[in-house]
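Remember, predicted model here, so these are calculated numbers, not experimental data. Chain letters run A, B, ... following the sequence lines, proteins first, then strands; residues in each count from 1.
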Amino acid sequence: MSARMAELDGRVALVTGATRGIGYAVAHELAVHGATVILSGRDGSRAAERARDLAEQTGAQVEGAVLDVSAFDAVAPAVSAAVRPHGRLDILVANAGVMLSSPLGAVTGADVRTTLDTNIAGVIATVQAAGRLMMRRKSGAMVLLGSIAGRDGSAGQIAYSASKAAVAGATRSAARELGRWGIRVNAVAPGVIDTDLIAGLPAEAKERYSTATPMGRLGTAADVAKAVRFLVGDDAGFIAGQVLGVDGGLVL
Amino acid sequence: MVLEERLRGVFVQALELEDGVDPGVIRYRNHPRWDSLGHMTLIVAMESEFDVEIGPEQLIEIDCFDAAVKVLRDVGAHG
């Protein structure tokens, strides 16, 4: 393994919503680059299973943890319990989120509350909990998962778009508050990424997104994971409060 | 050293209190250095000094020195 491959050696990373899609790709990317990874999800047995898979694939230390970020008051104890055996937390990737699609005329209060509880209240709870742990060492890096929909909006996804716009604001506020402790907070804003979240889209819709993307293809979870790895690594040591688009130049 | 003495040192250091400022008389948000950011600095310093974890609800209770002493005793800190 090259020196570059071990750039995160010795660091402990918590990735939320990591049992599939972008979260799993991020966990994989961080593990491959030397981090000890706490792979968390709402389903503890699924998280443990995926953690075993990832450990076998990468040879890294990977542990599963149950974490439902939509239960605000339960997040801090869960994060603390997951991190305690390692005695430190260096990296947080707040990826857990939901994407409920409803046009404005049909969106329900339950849709909005579910989306905001997970996508923004859950992110804030996770950042708060991780921040407390990182403050003790006066260092750390966080990346929050935003979306191109948070910047440009997305027809049929008003609650989701609003929640991701809120993530951008939370990123900047957290960066301002936590910088004094040497903790960097940034976000990535993926474009259309080919994960199971869009598996149900008609082929024509996927083709339309590909065509609208200057890079001429949909993004992959690995594309996003590489951007996250850059932001949590030392090469991004003076980058904070930024929202990095990972969208192939897509203009909605 | 008793808990209170150690805690006074934590207050002075974490909140960067000037000479002559008694930690026992200042209150959260009534002293220029004990704002919301100073509060988090204080909490983290308390946790490090006494090797304890202070929960979110207890964090809110700490609005003066005596309240901090009570919370520390509640979470099992020793002098």
For B:I43 and A:M135, what are the C-alpha separation, side-chain angles and deciding distance, and is it a side chain to side chain contact (heavy atoms under 4.5 Å, CB included)? CA-CA 10 Å; B:I43 299 300; A:M135 284 174 188; over 6 Å; no

By a 4.5 Å heavy-atom criterion (distance strictly below it), what part of A:R84 contacts chain B: side chain, backbone, both, or neither? side chain

Looking at every heavy atom in both [X] and [Y], which two are closest together, and how far apart are they?
{"X": "A:W181", "Y": "B:T41", "answer": "CZ2-OG1, 2.9 Å"}
{"X": "A:R180", "Y": "B:G38", "answer": "NH1-N, 4.1 Å"}
{"X": "A:R132", "Y": "B:V44", "answer": "O-CG2, 4.3 Å"}

Counting only heavy atoms from other residues, nucleotides and ligands, does the tally under 6.0 Å from [atom1] of [X] exceed 12?
{"X": "A:I158", "atom1": "CD1", "answer": "no"}
{"X": "B:D51", "atom1": "CG", "answer": "no"}
{"X": "B:R8", "atom1": "CZ", "answer": "yes"}
{"X": "A:R136", "atom1": "CZ", "answer": "yes"}

Rounded to the nearest 0.5 Å, what separation is found between the CG atom of A:L133 and the CD atom of B:E53? 7.0 Å

With a 4.5 angstrom heavy-atom cut-off, which part of B:E47 approaches chain A: side chain, backbone, both or neither? side chain

